[in-house]
Number of protein chains: 2
Amino acid sequence: MEKESLSAQCPVDYAFQRIGGKYKGRILWLLSRGTIRYGEMRRYLVNVSPKMLTQALRELERDELICRKVYQEVPPRVEYSLSASGSLLVPFITQLNDWACELMDKNQIPAFRPRK
Amino acid sequence: MEKESLSAQCPVDYAFQRIGGKYKGRILWLLSRGTIRYGEMRRYLVNVSPKMLTQALRELERDELICRKVYQEVPPRVEYSLSASGSLLVPFITQLNDWACELMDKNQIPAFRPRK
DNA sequence: CAGCATCCCATACGATACTG
DNA sequence: CAGTATCGTATGGGATGCTG
């Protein structure tokens, strides 16, 4: 359908296309704490099916925000981490987190904050 | 459906629920430059139908990120601007914009940046 | 001018089961 | 362990036309 040819676009839009979506924010936030295995992500990200998690991870990898490292072992081990480009987003996500925390406090919404 | 009762959630997720979506980024970016009328927004935000624009604006208003001011005139005039809470987002939308600009440069993607 | 209503379609998302 | 495959639902979004 070559909508790709209409590629002139707003940078903010471009950014949101990469970090938007239902789970990418949480995934990046999780990865900002360091390298993590697939199964461990699953335990942190409750209510995310493997299908959706994998899909989001593949998109993030395709856009070069994260790195995927496969260890040729049995049982298999796959580790995810932020790429250089993705790491540049950390300050942004941290600020966003702080902003939301204040809002949630003010609105008295119980926040679930993943422990270290 | 009372999914609202499951309101304990991750702050980053909470934030993305408010500023995510296909057009909210561009809208906030536009509003960060100052108060603007509905019709003028439409001219800036190409390829956004009135339905979707209005829907996004209503959600932003409900979440108190923007202010909507109606002037009782004929013809009608409606102005949108950032709220106090929404204004706090400006620094990191700017960061996001800068991040994306670098990426687009590197990937040689022609960026459309709205003029002042 | 600033929208709302209606209809319709695409895709995002979800549940479950299975595999190298 | 780290995913696929398959199917079904729900939401997001577009086109068009109408209104105070």
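These numbers come from a predicted model, not from an experiment. Proteins get letters first, then strands, A, B, ... in listed order; numbering begins at 1 in each.
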Output for pair (B:Glu59 CD, B:Thr54 OG1), nearest 0.5 Å, gives 11.5 Å
Selected nucleotide, minimal atom distance to B:Lys51 side chain, candidates D:dA5, D:dG14, D:dA2: D:dG14
If you check the A:Arg68 side chain, which of D:dG3, C:dG14, D:dA2 turns out closest? D:dG3
Report yes if a side-chain nitrogen or oxygen of B:Arg58 is closer than 4.0 Å to either non-bridging phosphate oxygen (OP1 or OP2) of C:dC4; otherwise report no. yes
For B:Val78 and A:Pro76, find the nucleotide of DNA chain C closest to each by heavy atoms; which residue's nucleotide sits nearer the 5' end? B:Val78
Hey, which of these two, A:Tyr80 or B:Glu59, hits DNA chain D nearer its 5' end, going by closest nucleotide? A:Tyr80
I want to check something: taking the side chain as every heavy atom from C-beta on, are B:Pro76 and B:Val70 in contact at a cut-off of under 4.5 Å? no
Check whether any side-chain N or O of B:Tyr23 sits under 4.0 Å from OP1 or OP2 of D:dG14, and answer yes or no. yes
What's the spacing between A:Lys24 NZ and A:Ile66 CD1 if we round to 0.5 Å? 9.5 Å
Categorize B:Thr54 for me: base, sugar-phosphate, or nothing, with a 4.0 angstrom heavy-atom threshold over every strand shown. sugar-phosphate
Nucleotide nearest B:Lys22 when distance is taken to its side chain, options C:dC1, D:dG13, C:dG14: D:dG13
Kindly point out which of C:dG14, D:dC1, D:dG3 is positioned nearest to the side chain of A:Arg37? D:dC1
Inter-residue atom distance A:Ser85.OG - B:Leu103.CG, 0.5 Å rounding: 4.5 Å
